[in-house]
> 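I have a structure here, written as structure tokens, and I will follow up with some questions on it.
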There are 2 protein chains.
Amino acid sequence: MKDRPPIDRDSFEPPYAQLARTIRERIAGGAYRPGDRLPSEAELCAAFSVSPMTVRRAIGELVRADVVVTEHGRGTFVKPPQLAAASFDLGDLMRYLASPDVEARILEARIVSAGPRVAEKLAREEGERVISIKRLLLRGDEPVFYHSEYLVFDPARPLVEAELATTALQDLFSGAHGSDLKFGRLTLHASAFTETEASQLGEQPGTLAWVLEHLFFDFDDRPESWGRFVGRADRLSFTTTVGIPGPQEGV
Amino acid sequence: MKDRPPIDRDSFEPPYAQLARTIRERIAGGAYRPGDRLPSEAELCAAFSVSPMTVRRAIGELVRADVVVTEHGRGTFVKPPQLAAASFDLGDLMRYLASPDVEARILEARIVSAGPRVAEKLAREEGERVISIKRLLLRGDEPVFYHSEYLVFDPARPLVEAELATTALQDLFSGAHGSDLKFGRLTLHASAFTETEASQLGEQPGTLAWVLEHLFFDFDDRPESWGRFVGRADRLSFTTTVGIPGPQEGV
DNA sequence: CGGACAAACTTCCCTAGACCAGTAGGGTAG
DNA sequence: CTACCCTACTGGTCTAGGGAAGTTTGTCCG
């Protein structure tokens, strides 16, 4: 029962991370099973010759990763994998769309009069002027996403041409239109292509589609932009892992 | 410029949380804009009369929430809302399905011979015996999800009757079939109802559907169960928020 | 036998420093 | 003018404790 991996003080991996990894590995190896109590903080301090703060931080990492749960006054317990803890990350999709071989082609960019739906989303009056931008996202020569977006029209801040460039994707994902935005709300749902979308993407109307809707607000909590990405659903799925992944996981 | 909210030592909210909240509010209020540098740790220590560790913890929370980003040697900076940081949580859906007014009705539970697809998913030979369970999840009297699941058949561990009870949903989401599972992989994709699914749910075949597929592994990294939830897509969407939500957010 | 209480645990949060490492700016030697 | 280095400032990590608060257990007393 000798601790094979105590703590390597010369490693680049800081002690708290080594400790967190070690505990994780022991759980993955079955040394601690779901429901079991981990050694107390004091015991871990002694066993690994680190200070309480270091132990607390290591445990904190595991708590955040939903691997263990702490109960005040009772102890720290190993959690079974929880379906409810699952969350699907948009990061991979966004990084893919922001990659160099994906380009955005502007189909249309003009000032239009807000229809009822746009007016409601942007909290403006119907008929007010808004900027309409329609983009096609292509990977190589193949269209993968259709993007339609409406921005509130502010005469004081004329439409920046740079935002319309094909390189705007970068900003679109990292800092969306300058940095005057406070927060955004995203909604993912499944739908079917409309006529317009289908023709632009070269698909049949009614084909299964993902719709990712985004609504961004400025620092006065007023809607600033509203738009949606539409793409074929059968080419994209979201995958995630709960619990402690096996050895070859990580993509 | 007097700090109105220093730190209330008598509050139930611990200082690190008060500090994190205060900084968050200042960002939300526009005092610090995206790209701005926050006061340094030392300055925050002095301004709020707390120790460095407390400041670090507060900042750590904000980093984790993707509100700020720290750069070693340079400072801590406010992040604009990032699309790539978005993740869709299954928690709400799971809590909804686990609520008391949702019940699971067993349609079928028997031992079958593994077909090619099941055999591949469970890493077994085709023709081996597996347990097949089909459930209907009802809210009130209305079916909302169809659940099909295959478990490896282990004669040593006979099928627990409790797992088949209509109350099994609880376990299904929190600890899935005892606690012998190490991790699970979940995949979400959009699809259309098959004949079987449609008839069970009282829908038309071809209707848009969500499919949530789950594959659980035991502590030897062997697949233990594989199954999928299928439900109407037009009644369910996933919503999330990036950046700092406005005042009335939080559902 | 039963209930109150105290001790011994546990986690939680904090202090007040220390040293290391990365960055930026200014001054100096070439 | 350029290249270099030195210094001040930044976050990153850790130490070695402390007191507060929740839980469990066992003991003592009625």
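Keep in mind that this is a model prediction, so the values were computed, not measured. The sequence lines fix the lettering, A, B, ..., with proteins before strands; numbering per chain opens at 1.
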> Could you give the CE-to-P distance, from Met53(A) to dG12(D), as a whole number of Å?
14 Å
> Hey, is the side chain of Ser40(B) poking within less than 4.0 Å of OP1 or OP2 on dT10(D), counting only N and O atoms?
yes
> Ignoring the backbone of Thr70(B), work out which of dG11(D), dA20(D), dT15(D) is nearest its side chain.
dG11(D)
> Under a 4.0 Å N-O cut-off, is there an ion pair linking Arg21(B) with Glu13(B)?
yes
> Evaluate the ring planes of His214(A) and His147(A), with Trp represented by its six-membered ring, and classify them as parallel (under 30°), tilted (30 to 60°) or perpendicular (over 60°).
tilted
> Taking only the side-chain nitrogens and oxygens of Arg74(A), find out if one of them lies under 4.0 Å from OP1 or OP2 of dT24(D).
yes
> State yes or no: are the ring centers of Phe183(A) and Phe217(A) separated by less than 6.0 Å?
yes
> Would you say dT15(C) has OP1 or OP2 under 4.0 Å from some side-chain N or O of Arg9(B)?
yes
> Out of dT13(D), dG12(D), dT10(C), which nucleotide sits closest to the side chain of Glu43(A)?
dT10(C)
> Just to confirm, is there a sub-4.0 Å distance from OP1 or OP2 of dT10(C) to any side-chain nitrogen or oxygen of Thr76(A)?
no
> Round to the nearest Å and state the distance from Ile7(A) atom CD1 to dC14(D) atom C1'.
12 Å
> What's the CZ-C1' distance between Phe77(B) and dC9(D), to the nearest Å?
12 Å
> Output the rounded distance in Å from CG (Leu44(B)) to P (dT15(C)).
13 Å
> Where the side chain of Glu43(A) meets the backbone of Ser40(A), is there a donor-acceptor pair that is under 3.5 Å apart?
yes
> State which of dC14(D), dC14(C), dA20(D) makes the closest approach to the side chain of Tyr16(B).
dC14(C)
> Are Lys182(B) and Glu224(B) within salt-bridge range, i.e. N to O under 4.0 Å?
no
> Taking atom C1' of dC13(C) as reference, at what distance in whole Å does atom CG of Asp10(B) sit?
15 Å
> What nucleotide among dG11(D), dT10(C), dC14(D) has an atom nearest to a side-chain atom of Arg56(B)?
dG11(D)
> dT15(D) phosphate, OP1 or OP2: any side-chain N/O from Thr54(A) under 4.0 angstrom?
yes
